[in-house]
Number of protein chains: 2
Amino acid sequence: MSPIKRVSKLAGVSPATVSRAFSDPSKLSAGTLEKVLRAATQLNYKPNSLAKAFRGKSTRSVLVMVPDLRNVIFAKVLAGVERIVAENDYFLLVMDTRDDIEIERAGLEMVQTNRADGVIQVGGRTLKEIMPDGDRTLVPFVHALDVVAPAKYPTVMIDNAAAAESMTSYLLALGHTRIGVLGGIRNRSVSQERIKGYRRAIEGYGLKYEDSATEHSAYSFAGGQRAALRLLSRHPDLTALFCLSDEIAIGAMRTALDRGLSLPDDLSVTGFDDTAFSKVCQPTLTTVVQPAERMGEIAMTMMVSLLRGETAAPNHQCLPTELVIRSSTRRHRTT
Amino acid sequence: MSPIKRVSKLAGVSPATVSRAFSDPSKLSAGTLEKVLRAATQLNYKPNSLAKAFRGKSTRSVLVMVPDLRNVIFAKVLAGVERIVAENDYFLLVMDTRDDIEIERAGLEMVQTNRADGVIQVGGRTLKEIMPDGDRTLVPFVHALDVVAPAKYPTVMIDNAAAAESMTSYLLALGHTRIGVLGGIRNRSVSQERIKGYRRAIEGYGLKYEDSATEHSAYSFAGGQRAALRLLSRHPDLTALFCLSDEIAIGAMRTALDRGLSLPDDLSVTGFDDTAFSKVCQPTLTTVVQPAERMGEIAMTMMVSLLRGETAAPNHQCLPTELVIRSSTRRHRTT
DNA sequence: GGGCATAATGAAACCGATTTCATAAAATTA
DNA sequence: TAATTTTATGAAATCGGTTTCATTATGCCC
């Protein structure tokens with residue numbers, strides 16, 4: 001016999017009444033409610049959440065896809081999402097996509113197979129890229145972080161090009177004219193967007209943009225370390241490095257230090273994200289504050305209202321960024 | 001009409017046959033299988049995973065509870081778990097418990113309410129602490145990382161005391177006799193365990209263990225930074241700092257640097273975990289390699305076999321650790 | 001070709017809740 | 001007090017699959 005029936009028998013009521021006792025107690029008379037609750041406690045009854053979800057057509061779970069769980073920036077967004085998930089009594093499903101489109105497809109499929117009500121994509125591909133054909137309106141989708149343009153679904157992003165431009169301008173204002181770029185993963189739109197901003201600043205300053213001043217790598221310490229090695233070997237004359245993430249920047253500083261350079265005297269380095277590292281590394285890192293956790297919160301908030309069907313037009317938010325000047329940058333010596 | 005019925009009608013077979021086509025195609029004749037598959041494609045049919053889980057009594061999802069998603073060490077374990085989850089076609093549910101016992105309880109409840117088949121606890125409390133009474137055998141439970149003693153359920157851990165002891169011995173061998181401790185969160189068993197190892201080394205060396213040489217803090221950069229400030233103000237004579245995590249150590253180095261100390265000449269600092277940052281910070285950090293990702297993989301592997309009912313006695317693994325000597329430590333100057 | 005094992009398929013029960021609709025009881029109003 | 005509305009409860013259908021059991025079709029062996 002099913003648990004709810006067992007409880008209903010012990011309490012001397014119908015299963016429907018037991019159901020109501022848990023989903024909407026106000027519908028029951030005080031006496032009945034008490035009887036049911038007593039019986040439930042006695043049998044240690046907990047409503048089967050899966051059965052409820054099945055019957056109710058809503059799983060109350062949301063899938064978050066991140067390209068790499070170990071990367072702090074994604075972890076921060078995830079933490080933001082998690083908070084709002086918990087606040088709204090949702091369940092959080094997580095997938096590490098390894099930036100693999102097949103895995104992203106499998107993620108979207110979880111909505112079609114009723115495992116999740118919606119998908120929050122953190123970085124990674126756009127919905128259109130994942131599902132070139134097929135009915136995209138069927139999957140409640142929110143895109144956060146590393147998004148470069150608003151779409152038909154809600155998005156939370158920052159203005160990457162503008163942030164990159166202002167950081168580059170800051171370096172230019174310090175007197176640097178030979179600024180290398182540690183450009184992250186080459187064909188990722190967020191990389192291109194930031195490089196676009198860099199270029200705007202360079203050209204706006206009357207300098208020529210040179211492709212060879214850019215070196216690409218993974219968004220990691222090791223990536224930055226290796227890319228910096230390549231770049232500094234090729235262009236020992238660079239006086240500043242504009243790096244597309246804090247990790248890349250810190251990896252680059254490691255390389256510079258290992259080459260005997262003194263920081264920031266011989267080389268100014270800037271990061272992007274303002275992860276916790278940047279406040280404690282040596283020298284502390286000048287970087288762009290990207291409100292990652294906040295973006296996660298907003299993404300999930302958007303998802304909640306999307307699932308409630310409250311959305312008229314897709315909501316797009318572009319959050320402000322901020323430059324924090326720390327000790328990894330200084331005025332170029334004009335000796 | 002339910003989707004499966006729609007498909008069965010179009011294919012001219014019974015729903016049972018459609019079900020078999022997806023769950024065990026070998027049971028069907030080639031002709032029938034083809035008919036069903038064709039109809040399914042035409043209707044874009046995907047079996048409702050929730051209905052399947054409901055009927056089948058297994059959700060194929062596992063809940064991972066971590067005390068803080070933003071902490072890299074937990075993120076690494078999570079990433080390890082995720083890999084094995086994906087390999088075995090499970091779904092990964094994640095909760096950030098904020099080290100809150102009520103949230104941990106809610107996590108366990110997800111098994112009782114059929115949301116998850118089992119729970120992997122990363123760090124945090126033991127099952128007994130979370131559920132002092134109640135039938136603990138009902139919740140398939142695996143405990144990973146920051147576990148200090150085997151239990152009635154599978155566990156993956158390292159020998160924290162031994163690792164701490166060998167790190168402390170290393171500092172002693174370098175000639176340090178005034179070694180401070182940045183001791184993490186005071187009443188957490190993993191902190192106590194590591195401090196126990198420190199004490200063993202100190203006393204084994206014939207020195208006296210002094211409580212005042214320990215300062216506690218959160219396992220974070222900021223925590224280490226502040227704790228180091230307190231400790232160094234109180235004990236300016238310390239020549240080495242044994243820190244219970246890389247983040248604490250790097251926070252401490254920041255403080256030391258800010259106080260004008262030169263590292264490692266004036267102060268040797270050691271970490272614990274070997275997170276990616278320790279390879280690139282300045283100076284690079286001497287630390288204990290804790291195979292966090294591997295622990296996550298093992299934990300999930302244990303969970304899989306637990307859920308398969310393969311486990312005779314609970315499996316316990318204690319993984320080896322390793323000291324990596326980098327540049328944050330050096331021989332004490334005896335001048 | 002008859003007898004028997006095996007393979008292929010369908011009918012119907014089932015998983016555990018929710019929800020609609022009907023009905024009985026209680027409360028309100030005239 | 002009768003009529004009417006409101007509240008409390010139960011019976012039964014339902015969500016979308018899986019699985020057991022029975023039945024029919026097929027293959028194999030002598």
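Lettering follows sequence order; numbering is per chain, from 1. Computed from a predicted structure; not experimentally measured.
- A:K57 has a side-chain polar atom (N or O) that falls below the 4.0 Å cut-off from OP1 or OP2 of D:dG16.
- Note: CG (A:N114) to P (D:dC15) measures 13 Å, nearest angstrom.
- Considering only side-chain atoms of A:S14, the nucleotide from D:dA11, D:dG16, C:dA17 that sits closest is D:dA11.
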I would like to know whether A:R83 and A:E87 meet salt bridge (Lys or Arg N to Asp or Glu O under 4.0 Å); could you show each step before the answer? CA-CA 6 Å; A:R83 184 170 321 134; A:E87 270 177 22; 5.8 Å; no
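- As a whole-Å value, the separation of A:F54 CZ from D:dG17 P is 8 Å.
- For A:A51, the side-chain atoms get nearest to C:dA17 when compared with the rest of D:dT9, D:dT19, C:dA17.
- With rounding to whole Å, A:L28 atom CG is found 8 Å from D:dT9 atom C1'.
- When each of D:dG16, C:dG16, C:dG10 is scored by its nearest atom to the side-chain atoms of B:N48, the top-ranked nucleotide is D:dG16.
- When all heavy atoms are compared, the tightest approach of A:V81 to A:I120 is CG1-CD1, 4.1 Å.
- Using a 4.0 Å heavy-atom distance criterion, B:F22 is classed as making no nucleic acid contact.
- In this structure, a donor-acceptor pair under 3.5 Å is absent between the side chains of B:S49 and A:N114.
- The closest side-chain heavy-atom distance from B:R115 to B:S61 is not below 4.5 Å.
- Distances shown here put a side-chain N or O of B:T17 below 4.0 Å from the OP1 or OP2 atom of C:dG10.
- Separating the CD1 atom of B:I4 from the P atom of D:dG16 is a distance of 11 Å, rounded to the nearest angstrom.
- Atom NZ of B:K9 is separated from atom P of C:dA11 by 13 Å (rounded to the nearest Å).
- As judged by a 4.0 angstrom heavy-atom cut-off over every strand, B:V18 is placed among residues making no nucleic acid contact.
- Phosphate contact (OP1/OP2 of C:dC14, side-chain N/O of A:S2, threshold under 4.0 Å): absent.
- The shortest distance between the side-chain N/O atoms of A:S29 and the OP1/OP2 oxygens of D:dT7 is not below 4.0 Å.
- Atom CG of B:L50 is separated from atom P of D:dG17 by 11 Å (rounded to the nearest Å).
- Distance A:K52 NZ to C:dG16 C1': 11 Å, rounded to the nearest Å.
- Going from atom CZ of B:R55 over to atom C1' of C:dA17 covers 15 Å, rounded to whole Å.
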